[in-house]
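The structure appears right after this line, and notes come after that.
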There are 2 protein chains.
Amino acid sequence: MRDDAIRDDALAGRRASAGPHLVSPAGSGAGVTLTDVAREAGVGESTASRVLRSHGSFSSKTRASVLEAAARLGYVPNRIAGTLASTGSKLVGIIVPSLANIVFPDLLRGANSVLGKAGFQSVIGVTDYDLVGEEALIASLLSWRPAGLLVAGLEHTPRADAMLRGAGIRIIEMLDTDGAGIDMVVGFSNREAGRASARHLITRGYRRIGYVGHDLALDLRAAKRFEGFRSTLAEAGLQVAGQVIASAPSSIEAGRDGLARILSETRDLDAVYFSNDDMAIGGYFLCLSRGIGIPGELALFGHNGLEVARCAPQPLSTIRTPRVEVGEASARLISSDGPPAVVTLDFELIEGATT
Amino acid sequence: MRDDAIRDDALAGRRASAGPHLVSPAGSGAGVTLTDVAREAGVGESTASRVLRSHGSFSSKTRASVLEAAARLGYVPNRIAGTLASTGSKLVGIIVPSLANIVFPDLLRGANSVLGKAGFQSVIGVTDYDLVGEEALIASLLSWRPAGLLVAGLEHTPRADAMLRGAGIRIIEMLDTDGAGIDMVVGFSNREAGRASARHLITRGYRRIGYVGHDLALDLRAAKRFEGFRSTLAEAGLQVAGQVIASAPSSIEAGRDGLARILSETRDLDAVYFSNDDMAIGGYFLCLSRGIGIPGELALFGHNGLEVARCAPQPLSTIRTPRVEVGEASARLISSDGPPAVVTLDFELIEGATT
DNA sequence: GTGAAAGCGCTAACAT
DNA sequence: ATGTTAGCGCTTTCAC
């Protein structure tokens, strides 16, 4: 089990021939066209097309023979040709900043499940939190002439913005309602989430509150949460007692190390607000390791409402965000034809055992 | 923040016109074709095409005018047409059973990053662990004439198998090498992972070992691990002292509840093997809650090597699987043209603090 | 109810 | 170096 191994599979019990680098075996579905099916069924192409798409009229007799021919030949329709010939495509582009944070797979999951049921295929793009990368991805996805585009966030480069506006398809911006959108916007206010988090901590009586976050320059929604959080503290005559901002993406490890650092830098903290649950769970683990009493010695608050936060021995106080629901709602809007609108979904503050 | 709200965005500071349901504004990129660009630049279509793809020869003067025209018109190439006209597509289909388990986003992440660099777009499909759903997804993805198909697992319905064999493109089956593949196989042996896990527990002196798993009928790779685990125990004259198999997908909660149940059903267990780290972390949390000493009173062993397992106060003993690497290696094989082969990547047994 | 024919927007010979 | 032309496989009028 040391090195990667590539071994020929002569012994693995399969045809040694027929790699895709060779000509496909006769009778294989690849390369069979509608013309073939029509000829084999003894009907015209258009008739075969109508039958295969159950659209238009044809006798049940021709129907049977076309279906039979298609099955016998192993016909696989060519959607590329179909899309080019018809007007609308059945592809939907989805652009997310990352796949490493479960938030975005959740979003994808919601979107993909609704899209799949409506006959759409999801084409994904991952920006790595880079707006310039997003711009390139948008151009690339648009070139597939998708029926619509789902994209996380409201911030784009000017060129990306122009492309989205000029695309002539539904654009759904997800997960953020703090700002102006291009077409449809589905999400919630991160700023309000931050404000609600701050109010909760204040109400609970915490006064020396620190912040442990990850790279805010990249994660704009986390930055908006923090901004809402900070301004609410300010309105209550408080300020963030200390902060540590990792230059890495959010992770459990970054949260754990971040908490360790803020504890060593800032005296007498009674609560810490984390940029998200991953970070907060890291902090929680640190407290467990060091025997720091929660919430007596230190209170912890996260964001997202992940399963790991909910199932921890002390459920984390956090805000549950409707990630899957945002994906679902966004996908449903692809086929809508109303004017631009903003769909706001609820987040829910969860009073766990860590505050 | 009670109900979902849809409000018109007249106040949100954007043009109330120009939804995609209306005609796109004049000068918008949508609808601009290569013909337009060529005419505008005063060259032939093929010349414009060559310039835009930097393929073939052309003077730097025409190059400039074509590029200028394209930029001015906001030209977005139509890859659908391009794909139909040329031979190969730049779409790659990726089929995974789920997005709810971070394992598959990790796989996607690895694959997508390599594919993106090579100019491919990922089209994803999620089967929900349903082989019949997979069959439909394969047919659907194949209709987009992808350059290749990545699919998790070796098991398929007979029809799916036939479609994959007949597709005439590279088929990469991922994450499992226990069985015969169709074309390329990239992964590791789950059976061996189960065996290694068992050997570890036996070596550490555990004798009354239980198993807490999730629906094995669906997760075939988890079933293979358990089989390897069990057979290794048997070879050592041991047997699984008790088992609980949740009928739900793996989750932290299922692991926590599963451990609670096995502890109440089976006496004197000294170790528990979980179907994966999610389940194991659930078990770990239960032990923390109940004050069960780890590993003194009970040892825990997982599978996958997730971050949460690594960062827990007591790092979980588990097997780190090369998920991202499998995705990367699989993506690289899309453009390969060798004969069918099996690529085995290493997994790594992590001796954590829970055994 | 069915077929013929004209594209969809592009690429790839094949001229020039 | 550049233009002309013939498709790629399908959908969609439009006749019959």
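Only this structure's heavy atoms are used, side chains among them; waters, hydrogens and symmetry mates stay out.
Here D/dT4 presents its C1' atom at 14 Å from CG of B/Leu34, a figure rounded to the nearest Å. Distance NE2 (B/His55) to C1' (C/dA13): 12 Å, rounded to an integer number of Å.
Within 6.0 Å of the CZ atom in A/Arg53, the count of heavy atoms belonging to other residues, nucleotides or ligands exceeds 12.
Nearer to the 5' terminus of DNA chain D, by closest-nucleotide assignment, is the contact made by B/Ala48 (compared with the other of A/Thr47 and B/Ala48). Projected onto DNA chain C by closest heavy-atom contact, A/Ser59 and B/Asn78 fall at different nucleotides, the more 5' of which corresponds to A/Ser59.
Applying the 3.5 Å distance criterion, the base of D/dG3 shares a donor-acceptor pair with the side chain of B/Ser46. Side-chain atoms of A/Arg79 stay outside donor-acceptor range of the base of D/dG9, with no qualifying N/O pair under 3.5 Å. One can find a donor-acceptor pair under 3.5 Å joining the base of C/dG3 and the side-chain atoms of A/Arg50.
The side chain of A/Ser57 approaches C/dG1 more closely than any other nucleotide in the set C/dG1, D/dG9, C/dT11. The side chain of A/Ala85 lies closest to C/dC8, out of C/dC10, C/dC8, D/dT2.
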**Study point:** Audit row: B/Gln121, A/Leu141, side chain to side chain contact (heavy atoms under 4.5 Å, CB included) steps and yes/no
**Key:** CA-CA 8 Å; B/Gln121 284 292 346; A/Leu141 286 184; 3.4 Å; yes
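The CG atom of B/Leu150 lies 5.5 Å from the OG atom of B/Ser330; values are rounded to the nearest 0.5 Å.
Among the heavy atoms of the strands lying under 4.0 Å from A/Thr62 are primed sugar atoms or P, OP1, OP2 only; no base atom is included. At a threshold of 4.0 angstrom between heavy atoms, the contacts of B/Ser86 are confined to the sugar-phosphate backbone, with no base atom among them.
Looking at A/Phe120 and A/Ser335, their side chains come closer than 4.5 Å, going by heavy atoms from C-beta outward.
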